[in-house]
Amino acid sequence: MNATRTALKSGDDVEPEVRIRRLHRRDLNRTWEFLKQVFREVNRTTVEYQRPRSKKRFLEVYEEKGIEQLLFVVSGSGKEQIVGYAECALAILGTDNWMNERYFRMRDMRPLFVEELAVHPDFQGRGLGSFVLDQLEHLARLRGCTHLVLEVAENNNHALKFYRTRSFYKLDAAVFLAKKVVNDAELLPPRPLSKRGATAVVEPVAPVVLPTDDPQAATQTTSKARPSTKAPRPKRTSAAGTRKAKTDTKP
Ligand SMILES: CC(C)(COP(=O)(O)OP(=O)(O)OC[C@H]1O[C@@H](n2cnc3c(N)ncnc32)[C@H](O)[C@@H]1OP(=O)(O)O)[C@@H](O)C(=O)NCCC(=O)NCCS
């Protein structure tokens, strides 16, 4: 593919020109460092770990067939800087992927899966993300795809707004739910120490009465134990026992 160029919106005096090229093996380490930097903040706030998960996985992706990895670079003083990265594929990749291909087939959708879209923090808000997206949409059209499909964390507000203002809509997807489990702390609260030599004040510790089906055992804890005011619980009849009894009445 011929290198494509675009000029960024004026942020400072210079307007760097961004060029697109394919990722090469020699770029892997640099690109990994770039991705770590871009996702550092995002990964701090999202429940689902945003890609890239590990360098090992990133290196494996490079070897996989059917994946396109594009670098967006600016050049100056003989040096090239990575300012953007995009990764996409026509098929769902990896064995741990949660996507259901049938969902798309049944809706006559031929998606281009956008696995990664990243812009260097210093270059965000200058039109580079839009350029990356334009490039992906251009590829989608060339490959006969009908949609760009991607995953973004619901609380990655900046990215979500970015996609929504560019006509992306929500597909049916998992929503992470949580419920607080009320429980006592496993560790005792802090306790002030007495001065060395002073007589330590020992707080009386209330005895623990364990719940039990046997009323006699409950009173056998210690002589200081508080007598249980609870009536002994009746012996439980298991569901299996009930079933068995019914079966036995059959002729
Ligand atoms: C989401 C992301 C790709 C957008 O890239 P970008 O280069 O900032 O995109 P653009 O400059 O084309 O557009 C950014 C929008 O934010 C606005 N913006 C304003 N100030 C901004 C700032 N300081 N930083 C970022 N965006 C800003 C822009 O005006 C633009 O608004 P618009 O949507 O109304 O056009 C980029 O923020 C990013 O890489 N984020 C971290 C990684 C990530 O979350 N990726 C997506 C995971 S799926």
Side-chain angles (χ1 to χ4, degrees), residues 4-21 23 27 30-55 57-58 61 67-76 80-94 96-99 104 111-140 145 147-176:
T4 315
R5 290 163 192 272
T6 197
L8 293 182
K9 278 188 225 161
S10 181
D12 339 288
D13 296 333
V14 274
E15 290 185 25
E17 199 178 49
V18 181
R19 190 168 56 90
I20 312 173
R21 66 170 179 83
L23 178 92
D27 301 315
R30 243 172 12 116
T31 308
W32 168 251
E33 289 307 316
F34 163 81
L35 287 171
K36 272 205 307 192
Q37 188 180 0
V38 175
F39 284 93
R40 192 168 292 140
E41 279 306 312
V42 180
N43 280 338
R44 257 182 214 145
T45 53
T46 55
V47 59
E48 204 180 13
Y49 199 56
Q50 298 292 289
R51 277 169 296 236
R53 264 173 247 156
S54 67
K55 185 170 184 181
R57 178 68 198 134
F58 178 65
V61 165
I67 195 138
E68 304 209 42
Q69 293 171 289
L70 301 176
L71 285 184
F72 293 72
V73 296
V74 291
S75 304
E80 182 198 75
Q81 185 192 356
I82 299 171
V83 293
Y85 173 78
E87 189 181 302
C88 63
L90 287 171
I92 295 169
L93 296 168
D96 60 345
N97 206 300
W98 50 271
M99 287 247 212
F104 302 107
L112 181 71
F113 295 100
V114 178
E115 305 282 342
E116 212 79 77
L117 199 169
V119 169
H120 190 289
D122 293 348
F123 285 78
Q124 291 177 12
R126 298 169 72 179
L128 179 49
S130 310
F131 182 36
V132 179
L133 215 49
D134 284 350
Q135 171 61 61
L136 289 166
E137 209 167 325
H138 176 66
L139 274 185
C145 298
H147 291 77
L148 293 179
V149 172
L150 55 84
E151 181 211 335
V152 59
E154 258 190 337
N155 58 351
N156 186 351
N157 293 319
H158 180 66
L160 202 57
K161 184 165 171 279
F162 171 79
Y163 292 126
R164 288 229 190 261
T165 54
R166 283 156 184 82
S167 310
F168 278 77
Y169 57 93
K170 191 176 190 287
L171 296 179
D172 173 43
V175 174
F176 286 89

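Ligands are counted one by one from 1 in listed order, and the atoms in each one are counted from 1 as well. All residue numbers in this chain count up from 1 along the given sequence.
Between Glu137 and Arg166, none of the side-chain N atoms (NZ, or NE/NH1/NH2) sits under 4.0 Å from a carboxylate O, so this pair counts as no salt bridge. The residues Arg30 and Glu33 are annotated as not salt-bridged, no charged nitrogen and carboxylate oxygen being separated by less than 4.0 angstrom.
With ligand atoms numbered from 1 in the order given, ligand 1 contributes 48 (S) to contacts under 4.0 Å with heavy atoms of Glu151. Of all atoms in ligand 1, numbered sequentially from 1 with element shown, those under 4.0 Å from a heavy atom of Ser130 are 10 (P), 12 (O). Each of the atoms 33 (O) of ligand 1 lies under 4.0 Å from some heavy atom of Thr165.
Within the 4.0 Å heavy-atom shell around ligand 1 one does not find Glu116. Under the 4.0 angstrom criterion for non-hydrogen atoms, Val38 is in contact with ligand 1.
In this structure, Tyr85 has its ring center at least 6.0 angstrom away from the ring center of Phe34. In summary, the aromatic rings of Phe131 and Phe123 are positioned with their centroids too far apart to meet the 6.0 Å limit.
The two residues Phe39 and Ala118 come nearest to each other via the heavy atoms CE1-CB, 3.8 Å.
The heavy atom nearest to atom 24 (N) of ligand 1, out of those in Gln37, Gln124, Arg126, Arg40, is found in Gln124. Across Glu115, His158, Arg166, heavy-atom proximity to atom 26 (N) of ligand 1 is greatest for His158. Within the set Asn156, Val114, Val83, the minimum heavy-atom distance to atom 47 (C) of ligand 1 is found for Asn156.
Taken from NE2 in His158 to OH in Tyr163, the straight-line distance is 9.5 Å, to the nearest 0.5 Å. Here Leu117 contributes atom CG and Leu133 contributes atom CG; the two are 6.0 Å apart, rounded to the nearest 0.5 Å. Note: Ile20 CD1 to Leu70 CG = 7.0 Å, rounded to the nearest 0.5 Å.
At least one N or O atom of Gly125, backbone or side chain, sits closer than 3.5 Å to an N or O atom of ligand 1. For ligand 1, the polar-atom distance check against Ala118 finds no nitrogen or oxygen pair separated by under 3.5 Å. Considering backbone and side-chain atoms alike, Phe39 places every N or O at 3.5 Å or more from each N or O of ligand 1. An N or O contact shorter than 3.5 Å links Gly127 to ligand 1 by distance. Distances between N or O atoms of Val119 and those of ligand 1 include at least one value under 3.5 Å.
Between the side chain of Gln37 and the backbone N or O of His120, no donor-acceptor pair lies under 3.5 Å.
When heavy-atom distances to ligand 1 are checked against a 4.0 Å cut-off, Tyr163 comes that close only through its side chain, counted from C-beta outward.
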